[in-house]
Amino acid sequence: QVQLAESGGGLVQPGGSLRLSCAASGSIFHIYAMGWYRQAPGKQRELVATITSGNRTNYADSVKSRFTISRNNAKNTVDLQMNSLKPEDTAVYFCNAQIAPLRPPVPYIYWGQGTQVTVSS
């Protein structure tokens, strides 16, 4: 069974930094794109950043130049470095990945349980 587990959320002051990590575990054949999404109270879940298996990245306009997504294919992990955080970045952050398990090797979309990021003074 494939699972995604996030870590690294917390409370930070405006202008501060946090690093989120997500690890995929289980019987994995191949991991395609990985990414981070977030959901603020009363709002829909939105894309933050994605990264392909070839390290091609995509960012939401609201986080460009502040956030950096990276992955380690050998460890099946994806990280999100968040700098210059703003109160409007407050949300639950979810890890997302398109993964083909060993049996059957058909790609599915998997989600982590989420980690809270709060930006407040």
Side-chain angles (χ1 to χ4, degrees):
Q1 185 175 357
V2 175
Q3 291 184 325
L4 297 177
E6 303 106 334
S7 62
L11 173 64
V12 64
Q13 292 187 341
S17 298
L18 276 177
R19 188 176 184 87
L20 305 182
S21 295
C22 173
S25 62
S27 301
I28 296 170
F29 175 71
H30 184 73
I31 301 179
Y32 298 88
M34 304 183 82
W36 290 92
Y37 289 70
R38 67 186 181 187
Q39 187 166 18
K43 294 188 176 181
Q44 290 188 334
R45 191 173 298 187
E46 63 177 5
L47 179 147
V48 176
T50 60
I51 185 167
T52 68
S53 56
N55 287 322
R56 185 171 298 177
T57 60
N58 179 54
Y59 295 92
D61 288 342
S62 60
V63 306
K64 280 182 182 176
S65 78
R66 299 189 297 123
F67 291 9
T68 302
I69 190 170
S70 61
R71 66 188 284 173
N72 184 321
N73 291 330
K75 295 183 178 180
N76 292 339
T77 59
V78 60
D79 291 349
L80 185 69
Q81 177 66 43
M82 305 184 293
N83 299 328
S84 302
L85 282 161
K86 305 175 181 180
E88 51 263 42
D89 294 317
T90 296
V92 178
Y93 284 69
F94 296 90
C95 177
N96 164 284
Q98 186 180 30
I99 300 174
L102 281 177
R103 294 185 183 89
V106 175
Y108 296 94
I109 300 296
Y110 292 86
W111 291 91
Q113 292 190 331
T115 184
Q116 177 70 46
V117 172
T118 302
V119 184
S120 175
S121 55

Over all heavy atoms of both residues, which pair between S84 and S17 is shortest? Give the atoms and the distance, please. N-OG, 4.4 Å
S70 meets the side-chain hydrogen bond (donor to acceptor under 3.5 Å, both in side chains) criterion, sequence neighbours left out, with none
Between P101 and Y110, what is the shortest heavy-atom contact and its length? CG-OH, 4.0 Å
Under a plain distance cut-off of 3.5 Å, with no hydrogens placed, do T90 and E88 share a side-chain donor-acceptor pair? no
Flag the pair V78 / W36 as yes when at least one side-chain heavy-atom distance between them is below 4.5 Å, and no otherwise. yes
I need the I31 CD1 to R71 CZ distance, nearest 0.5 Å. 6.5 Å
Hey, any chance L20 and V92 share a hydrophobic cluster, counting ILVMFWY side chains that come within less than 4.5 Å of each other, even indirectly? no
Tell me every residue that passes side-chain hydrogen bond (donor to acceptor under 3.5 Å, both in side chains) with Q81, counting only those two or more places apart in sequence or in another chain. R19, N83
Kindly give the heavy-atom pair with the smallest separation between R45 and F94, and that separation in Å. NH2-CZ, 3.4 Å
Heavy-atom pair with the smallest gap, counting every atom of S120 and P14: C-CD, 3.6 Å
Look at the side-chain heavy atoms of Ile, Leu, Val, Met, Phe, Trp and Tyr, link any pair under 4.5 Å apart, and say whether L102 and Y108 land in one connected group. no
Would you say I28 and N76 make side-chain contact, with heavy atoms under 4.5 Å? yes
Once rounded to the nearest 0.5 Å, what's the spacing between atom OG of S121 and atom CG of L11? 9.5 Å
Does either side chain, that of N58 or that of R56, offer a donor lying less than 3.5 Å from an acceptor on the other one? no
Please say yes or no: joined through hydrophobic side-chain contacts below 4.5 Å, possibly via intermediate residues, are F29 and V106 part of one cluster? no
Where N96 and I109 come nearest, the two heavy atoms and their spacing: ND2-CG2, 3.4 Å
Whether the D79 and S21 side chains hold a donor-acceptor pair (N or O, under 3.5 Å, no angle test) is what I'd like checked. yes
To the nearest 0.5 Å, tell me how far M34 CE sits from N73 CG. 8.5 Å
Passes side-chain contact (heavy atoms from CB on, under 4.5 Å), T52 versus T57? Steps please. CA-CA 7 Å; T52 68; T57 60; over 6 Å; no
Side-chain contact test, heavy atoms from C-beta onward, threshold under 4.5 Å: evaluate it for V117 versus M82 and give yes or no. yes
Partners of Y59 by ring-ring contact (aromatic ring centres under 6.0 Å, His included), sequence neighbours excluded? none
Tell me, do Y32 and P107 make a side-chain contact under 4.5 Å, heavy atoms counted? yes
With sequence neighbours left out, write down each residue that passes side-chain hydrogen bond (donor to acceptor under 3.5 Å, both in side chains) with K64, or none if nothing qualifies. D61
Any side-chain heavy atom of L80 sitting closer than 4.5 Å to one from F67? yes
Would you please name every residue forming a salt bridge (charged side-chain N to carboxylate O under 4.0 Å, His left out) with D89, sequence neighbours left out? R38, R66
Please tell me whether Y37 and I69 are part of a single hydrophobic cluster in this structure, the criterion being side-chain heavy atoms less than 4.5 Å apart. no
Can you list every pair that meets disulfide (SG to SG under 2.5 Å) and has a residue in residues 6-96, with sequence neighbours left out? C22-C95
For the student: nearest non-hydrogen atoms of L85 and L18, plus distance: CD1-N, 3.8 Å
To the nearest 0.5 Å, how far apart are CD in Q116 and OH in Y93? 9.5 Å
Donor-acceptor contact present, side-chain E6 to main-chain G114, <3.5 Å: yes
